[in-house]
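Shown next, in structure tokens, is the structure this report addresses.
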Amino acid sequence: MATTPGPDPERLVAFTAGVRQLPLMPALAVDLVRSVQDEQIGSIELGCRIGADAALAAQLLRLVNSPFYGLSRRVGTVGDAVALLGFNLVRRLVAATLTQRPAAELLPDNADTRGFWRHQLLVAALARALHATQAEDGAETAYMAGLLHDTGRLALHAWQPGPDTLPTPSHRVGEEAVVAAERARHGLDHAQAGAALLGAWQLPEAIVHAVGTHADATAPVDPTAASVWQANRLAHLLEADVTTAATPPWLGDVGLTPDSLRRLLDEVDAVAGRAR
């Protein structure tokens, strides 16, 4: 299996010391990601903590009352949202919303930044869907790993800001080119940076490993990491062909149908359009 070479240990220590105290992810988001494996936060505590943040509670209620979820009645409290949608879905929505908050502090609110956040959401949704077709459990962990897979890009930008926006891969600029540019500039790439940062935050090892290997040339063996690796590449394929309504030729190979892909994209856009 091909893997990216490790960064200089001293450089990695300097990076981690330089960014770990920045508000790249709120404490509640960290707790939500940790809870996918040990259920650190229960439904009651989740509702209380969301309710204590007026902006977050308003964003959540706006989202759950959107036509996408098709609820039969209006939801007016966070507790009702948890009861009607379930803990796992609310956890995903809140984590997705919280991880987009640093954009105003670190990046301008422009098309590139919005594209960056939408890519995170798309990889997360695809990773969860792909993992669910291949394993009996772990889909929530795959979602969180996908949501955080490019955290290193934000961290590197915060550590050593540049005059440009985030260098995000696309169908025109591949992952390898961006990784090479990051190593030349920072001495480490975003996958290495993200894994180091999330490891310092004591997130589950499956998530740390998935983040650290998502830019590898070949798929990792670990199921969660493999789901994120594949989801990242499929997301780039979808983003490269946003104007066509044709069914992607690879759809059936990954266990998705046109209807399930359409619903997945609708869910991503529902969250991406209401997260701020």
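Keep in mind that this is a model prediction, so the values were computed, not measured.
- In this structure, the side chains of Glu182 and Gln192 stay at 4.5 Å or more apart for every pair of heavy atoms.
- In this structure the side chain of Leu121 never reaches within 4.5 angstrom of the side chain of Asp269, judged on heavy atoms.
- Between His186 and His157, the gap from one ring centroid to the other reaches at least 6.0 Å.
- No continuous path of hydrophobic side-chain contacts links Val123 to Leu265 [ILVMFWY only; heavy atoms under 4.5 Å].
- If you chain together hydrophobic residues whose side chains sit under 4.5 Å apart, Val228 and Leu198 never meet in one group.
- Residues His190 and His214 bring a donor and an acceptor atom of their side chains to less than 3.5 Å of each other.
- Between the CG atom of Leu234 and the CG atom of Leu122 there is a distance of 9.0 Å, given to the nearest 0.5 Å.
- Qualifying side-chain hydrogen bond (donor to acceptor under 3.5 Å, both in side chains) partners for Asp80, counting only residues two or more places apart in sequence or in other chains: Thr77.
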Which atom pairs, one a donor and one an acceptor, fall under 3.5 Å between side chains of residues 251-259 and the rest of the protein, sequence neighbours left out?
unit_1, atom_1, unit_2, atom_2, d
Thr257, OG1, Ser260, N, 3.1
Thr257, OG1, Ser260, OG, 3.1
Asp259, OD1, Arg262, NH1, 2.8

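- There is a path of hydrophobic side-chain contacts, each under 4.5 Å, that joins Leu154 to Leu32.
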For a quick test of your reading: what N or O donor-acceptor pairs under 3.5 Å do the side chains of residues 42-51 make, sequence neighbours left out?
unit_1, atom_1, unit_2, atom_2, d
Arg49, NH1, Asp31, OD2, 3.0
Arg49, NH2, Asp31, OD2, 3.4

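- Clustering ILVMFWY residues whenever any of their side-chain heavy atoms sit less than 4.5 angstrom apart, transitively, puts Ile207 in a cluster other than the one holding Trp229.
- Between the side chains of His131 and Asp137, no donor-acceptor pair of N or O atoms lies under 3.5 Å.
- Looking only at side-chain heavy atoms (C-beta outward), Asn232 and His149 come within less than 4.5 Å of each other.
- Here the CZ atom belonging to Arg34 is positioned 13.0 Å from the CE atom belonging to Met144, to the nearest 0.5 angstrom.
- The shortest non-hydrogen separation linking Ala81 to Val90 is O-CG2, 3.7 Å.
- Here the side chain of Asp222 pairs a donor or acceptor atom with the backbone of Ala225 at under 3.5 angstrom.
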